[in-house]
2 protein chains.
Amino acid sequence: MRGNLFAVAVDLVILTVRSGGLHVLLVRRRTPPFAGEHALPGGFVRPREDLLDTATRELADETGLTGVGHHLEQLASYAAPGRDPRGRVLTVGHLALVPDLALPTAGSDAAGAWHAVADRAEPLAFDHDHILADGVERARAKLEYTTLAASFCPPEFTVAQLRRVYEAVWGTPLDPRNFQRKVTSTEGFLVPTARTVSRGRGRPAQLFRRGPATALHPPMLRDP
Amino acid sequence: MRGNLFAVAVDLVILTVRSGGLHVLLVRRRTPPFAGEHALPGGFVRPREDLLDTATRELADETGLTGVGHHLEQLASYAAPGRDPRGRVLTVGHLALVPDLALPTAGSDAAGAWHAVADRAEPLAFDHDHILADGVERARAKLEYTTLAASFCPPEFTVAQLRRVYEAVWGTPLDPRNFQRKVTSTEGFLVPTARTVSRGRGRPAQLFRRGPATALHPPMLRDP
DNA sequence: CCAAAAGTGTTTATAATACACCCATGC
DNA sequence: GCATGGGTGTATTATAAACACTTTTGG
């Protein structure tokens, strides 16, 4: 039946928004191949694990995130011959969108660090530049027609925080007033809480939670 | 490094539009497991092949299609433990959108046949029902924000043919007059040819080719 | 001539943009 | 008070939907 077997890994493109830009979590490799170079966090799939289980485990290892509040989805698989000098390795790239959080300074193993996606000099190990590019492209596209932007925010957030996510990911300023009405009037996007929060000067902002909706459905050629 | 190795396969969700509905190309399995049952066409990745190479080769085997004129993209990978009784097999699902074509009655090996996606009774082999559902969902979604619908049409086609594709995939009738103006006024969607074609009675229709555009970009929260 | 399908023009509704203005807080 | 960011109202503009109407063929 077989004849050619693959090792199967899961690599993670973990994105967040901080200081006005998109950032990715990278680790520095300690062992060959590509020792000393930056790479996406990842690991091999264990015997009785499904792909999403592996990704969830790796995400928890790197960020401490468990359960809900973030977004994790499969991105694509990469298996070009020669992409790993050790032999035939297929990696299933995953995309995670998480709030800006304090990374565990993990005494255990290789701790990750946030790197601005826009200005990075050196290339990543393996074909991870390619995987990262695919992940960023997918994230940008998905903000347009889903409510995923809220995954970059903490559990409770203001409309301004959400707006800064869009501005950071797309690199364009948005009109705060139109943005406000757009997101608050989109059914199922935001769930209002009674609480407000005061950010230094200015009127206190209302706090929201993520709503149940996922797709935003702009009309294309459809009839109502 | 490894310890747990996978066989890696590529399975194809080959979709077309015929007689007013979405159809999928299925083969009947001749060997265990699931001998005699319907399944998505597929096969194992060869030693020096990349995933898209395998998918392209399988698509040519099943449909005779080579080169351009159709659409082929990676869908997702499936590797749940136990999905294949023979052992650990990861399959990379691919989605192909092709014109309604005469299938090669392939004397060689298991010939495929078109099956309406809407009304199928028996479940498919392995987790292929799941992969098929993902493929159909992706195809429906992509028609909304890309110009991929033209991949279901032959190299030259009329606006009415293109409209029937949308109507079949979404299951809703569209206004022929508004549809006409929408697609002909969308930059890069259709390239007009000088030729026309007469379909029985009625005014002859102009023939078009696929244009270079891929995304349709409905505005969401963006500023111009 | 009539029926049928292709294609255009025009009106109406709906949604997106621009921007004036009010609200609630810290200092 | 006044600067600052939050939030609402409204005019303008673009786009989508509805549909009357013209065009070009086959019978």
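Convention: sequence-line order gives letters A, B, ...; per-chain numbering from 1.
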* Structure fact -> Given Watson-Crick and G-U pairs under 3.5 Å, DNA chain D in dot-bracket ([ ] crossing, | other strand) is |||||||||||||||||||||||||||
* Could you check if a side-chain atom of A:Q206 sits within less than 4.5 angstrom of a side-chain atom of A:R195, using non-hydrogen atoms only? => no
* To do: With side chain to side chain contact (heavy atoms under 4.5 Å, CB included) as the test, would you mind laying out the steps for A:D53 and A:L51 before giving the verdict?
  => CA-CA 5 Å; A:D53 299 330; A:L51 300 171; over 6 Å; no
* Asked: Nucleotide by nucleotide, 5' to 3', does protein get under 4.0 Å of the base (B), only the sugar-phosphate (S), or neither (-) in nucleotides 6-15 of chain C, counting heavy atoms?
  -> BBBBB-----
* **Crowding at CD, A:E137 (>12 non-hydrogen neighbours, <6.0 Å)** => no
* Structure fact -> Between CG of A:L190 and P of D:dG7 the distance, given in whole Å, is 11 Å
* Asked: Rounded to whole angstroms, how far apart are CG on B:L162 and P on C:dA5?
  -> 18 Å
* Whole Å only: how far is the CZ atom of A:R201 from the C1' atom of C:dC23? -> 18 Å
* To do: Could you walk me through whether A:H38 and A:H115 pass ring-ring contact (aromatic ring centres under 6.0 Å, His included), step by step?
  => CA-CA 10 Å; A:H38 283 297; A:H115 294 254; 4.6 Å; yes
* Looking at B:F157 versus B:F208, is the centre-to-centre ring distance below 6.0 Å? -> no
* Asked: Could you walk me through whether A:H128 and A:D11 pass the side chain to side chain donor-acceptor pair (under 3.5 Å) check?
  -> CA-CA 9 Å; A:H128 286 187; A:D11 285 318; 3.2 Å; yes
* When B:H94 is tested against each of B:L72, B:T56, B:T54, B:L59 for side-chain contact (heavy atoms from CB on, under 4.5 Å), which residue passes? -> B:L72
* **Between B:F126 and B:Y78, ring centroids under 6.0 Å** => no
